[in-house]
2 protein chains.
Amino acid sequence: MVTIKDLAKHTGVSVTTVSRALNGYSDVNENTRKKIMEAARLLNYSPNTLARSLVMKKSKTIGMLISGFLRESVKDNFLMDVMAGVHDFAAQTDYDIVIFNTNSSKQREKTYAQLCKERQVDGVIIQGIRTDDPYLLEIVEGDIPCVLVDIPLIGKWAGYVSTDNIAGASQVANYLADQGHRSIGMINGHDFAFVSQERFTGFQKTLNKRGITFDSSRVENGNFSEQGGAEAALRLLEKDPTITAVFCASDLMAIGAMNALTSKGIRIPEDISIVGYDDILLSRYVRPALTTVSQDTHGLGSAAAKMLINMLDHEGQPQQATVPHEFIERSSSKRLNR
Amino acid sequence: MVTIKDLAKHTGVSVTTVSRALNGYSDVNENTRKKIMEAARLLNYSPNTLARSLVMKKSKTIGMLISGFLRESVKDNFLMDVMAGVHDFAAQTDYDIVIFNTNSSKQREKTYAQLCKERQVDGVIIQGIRTDDPYLLEIVEGDIPCVLVDIPLIGKWAGYVSTDNIAGASQVANYLADQGHRSIGMINGHDFAFVSQERFTGFQKTLNKRGITFDSSRVENGNFSEQGGAEAALRLLEKDPTITAVFCASDLMAIGAMNALTSKGIRIPEDISIVGYDDILLSRYVRPALTTVSQDTHGLGSAAAKMLINMLDHEGQPQQATVPHEFIERSSSKRLNR
DNA sequence: TTGAAAGCGCTAACAC
DNA sequence: GTGTTAGCGCTTTCAA
């Protein structure tokens with residue numbers, strides 16, 4: 001391994017000068033600088049960022065804490081999209097990304113804060129963890145800069161990015177009401193996801209405002225999975241067979257619900273309208289194509305990276321950022337004819 | 001930040017002893033160890049891996065060099081799958097993963113070897129880069145342990161994992177021949193992908209063995225993209241309108257081809273049979289569902305991680321590993337009736 | 001069983 | 001402009 005010491009020896013100057021030359025300081029003679037640069041090229045020198053990080057107390061690394069990076073989760077390109085967004089932004093800066101997996105047995109024993117401290121990441125982006133996660137608060141209230149995706153918590157060093165889930169759900173409610181639906185059910189994720197709470201709130205408020213009966217008794221949780229969505233749909237229908245529309249808090253659950261209903265001989269959208277949320281890739285391809293709320297998932301990731309790096313480089317305050325969403329009508333929903 | 005020095009002060013022993021206690025050495029009094037452990041918990045100590053890495057000359061980090069981590073690439077869950085596989089395996093070990101993006105302007109100026117040296121990764125997994133990439137050879141011939149995904153190169157410190165593309169393509173050829181097809185075209189990726197070469201070779205050899213005319217004049221490149229596949233399909237048909245079957249070297253190109261042909265009024269599979277490769281998620285959902293060759297992509301990733309970590313921890317030799325594949329008949333292909 | 005001291009590769013006062 | 005020196009947090013001889 002070639003170090004600055006070698007360059008120093010090779011050029012006959014001190015390591016200090018080499019360091020300064022390499023880092024582009026102005027107080028170094030142009031000739032010496034040239035000599036040093038030449039030697040660096042000659043010896044194929046690469047700086048050791050570990051050593052630099054140690055003394056600078058910055059690693060120029062951001063951590064990505066992700067849950068559910070599992071074999072099964074590939075159907076849901078949400079995570080991948082967010083990661084790509086984070087990455088695309090980080091690539092324009094001098095930060096690299098290290099991935100922390102929260103569902104590994106190894107790391108379960110360590111808190112997220114510990115993980116970050118050990119690897120000395122400058123900041124961390126957190127995605128997909130539950131609000132009842134025991135380690136969530138520790139990191140939000142800690143002193144490591146962090147940005148949460150879809151979890152609206154703000155702390156001295158914590159900001160978040162999300163879409164306006166209340167507005168999105170409200171749009172769905174208005175749409176279904178406009179289409180003449182009056183008996184409406186909902187398949188939600190689980191009680192420990194903020195997006196679930198918000199989507200429920202937005203949906204209920206708007207339906208009630210439109211004079212439509214809707215409360216938590218018309219909601220079944222599907223745990224954000226395809227299978228869970230299928231089961232929830234069946235429970236929903238058993239409880240109230242008059243239902244003509246179901247709003248699902250995720251596309252994956254909506255797809256599960258469609259399959260379950262279809263195999264029961266229920267036609268979609270003729271008998272029951274289905275609306276999802278997320279606009280995952282599949283939504284366009286399933287038959288009938290899924291009516292849903294699209295989010296700029298890639299934008300979510302890059303906004304998170306941007307906010308974090310802004311906090312890191314310019315002492316920006318942690319904030320809240322909202323990324324646009326859009327209601328998309330496809331073929332899984334239609335006007336009620338009765 | 002609390003360091004071993006603090007622990008030493010707090011417990012009244014030397015840093016040496018603290019270090020040894022923390023690392024589970026046997027030559028430390030049980031009482032002293034207990035005191036130290038207690039202090040560590042009390043002060044909420046976390047080891048600084050940077051400092052440790054610097055002195056140990058191992059970072060316990062593996063790099064993942066990925067190309068095409070782009071917004072557009074989300075349709076193709078191949079990359080995500082491989083990453084998940086790498087991750088799932090690494091999670092069982094004490095290695096963390098740092099991601100290097102090859103398509104960032106920033107990093108384009110540095111060679112992959114430099115990237116690895118700077119971040120001091122112990123080894124690297126390389127995925128999705130072209131065989132004409134100028135920096136590929138440097139790293140394969142260099143002294144950084146690496147494992148390539150789908151690029152059959154072996155070096156002193158380089159191994160690879162892949163599927164048997166020749167066999168896979170050969171199965172497709174036999175299938176199409178069995179179904180009575182005689183006029184067959186192929187949409188390949190590009191000339192700088194090993195998988196393209198292999199899939200072509202396997203396909204051609206087997207067709208010829210079956211007495212069917214096929215050579216490179218019946219091949220158009222689609223550059224692995226949906227759009228490219230669409231255009232290639234049109235070119236293919238223009239050149240030879242008698243074609244009854246097309247083998248595509250990736251599902252994404254196959255989907256593009258299907259769309260292009262359908263919009264020309266050509267029915268699939270009645271008029272033309274289409275076969276893809278990869279079995280991406282979409283393949284099951286497009287209509288008609290795509291006949292394809294499935295690869296254990298997740299297995300590809302975990303096999304790569306396993307091989308690399310084996311090289312790192314047990315001085316295992318770089319090797320070659322093959323992951324299973326499977327031909328899957330769906331609805332985009334059928335027996336030729338003429 | 002423990003401690004003193006050296007050193008990993010780098011940066012940053014401070015002096016010259 | 002340049003060099004001397006100390007030190008980042010850790011591990012590891014070597015000696016006691």
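Order of the sequence lines fixes the chain letters, A, B, ..., with proteins taken first and strands second; residue numbering starts at 1 for each chain. We use all heavy atoms of the structure for the numbers below, so side chains are in, but hydrogens, waters and symmetry mates are not.
Note on A:Lys58 versus A:Asp313: no salt bridge recorded, every NZ/NE/NH1/NH2 to OD/OE distance being 4.0 Å or above. Ionic pairing of A:Glu118 and A:Lys110 is present here: one or more N-O contacts between side-chain nitrogen and carboxylate oxygen are shorter than 4.0 angstrom. We find that A:Arg41 and A:Glu38 are joined by a salt bridge, their nearest charged nitrogen and carboxylate oxygen being less than 4.0 Å apart.
For the pair B:Lys58 NZ and D:dT11 P, the interatomic distance rounds to 14 Å; values are reported in whole Å. Regarding B:Lys5, its NZ atom lies at a distance of 10 Å from the P atom of D:dC10, rounded to whole Å.
Each of D:dT11, C:dG9, D:dC10 was ranked by its minimum atom distance to the side chain of B:Ser19; first place goes to D:dT11. In the set D:dG3, C:dG9, C:dG3, C:dG3 carries the atom at the smallest distance from any side-chain atom of B:Val13. Closest to the side chain of B:Val55, from the set C:dA13, C:dG3, D:dG9, is D:dG9. For B:Leu54, taking side-chain heavy atoms from C-beta onward, the closest of the listed nucleotides D:dC10, C:dC10, C:dC8 is C:dC8. Taking the side chain of B:Asn48 as heavy atoms from C-beta on, and the options C:dT11, D:dC10, D:dT12, the nearest nucleotide is D:dC10. The A:Ser14 side chain lies nearest to D:dT4 when the options are D:dC8, D:dT4, D:dT11.
At a threshold of 4.0 angstrom between heavy atoms, the contacts of B:Thr49 with the nucleic acid are absent. Contacts of A:Thr16 with the nucleic acid, taken as non-hydrogen atoms under 4.0 Å apart, include base atoms. A:Ser53 comes within 4.0 angstrom of nothing in the nucleic acid, heavy atoms only. Across all strands shown, B:Asp27 has heavy atoms under 4.0 Å from base atoms, whether or not it also approaches the sugar-phosphate.
Nearer to the 5' terminus of DNA chain D, by closest-nucleotide assignment, is the contact made by B:Ala51 (compared with the other of B:Ala51 and B:Arg20). Where A:Ile4 and B:Glu30 each meet DNA chain C at their nearest nucleotide, the meeting point lying more 5' is that of B:Glu30. The residue among B:Met56 and B:Gly12 whose nearest nucleotide of DNA chain C lies closer to the 5′ end is B:Gly12.
For the atom pair A:Thr61 OG1 and A:Ile97 CD1, the distance stands at 10.0 Å (nearest 0.5 Å).
By the neighbour-count criterion of 12 heavy atoms within 6.0 Å, atom NZ of A:Lys117 is densely surrounded, having more than that number from other residues, nucleotides or ligands.
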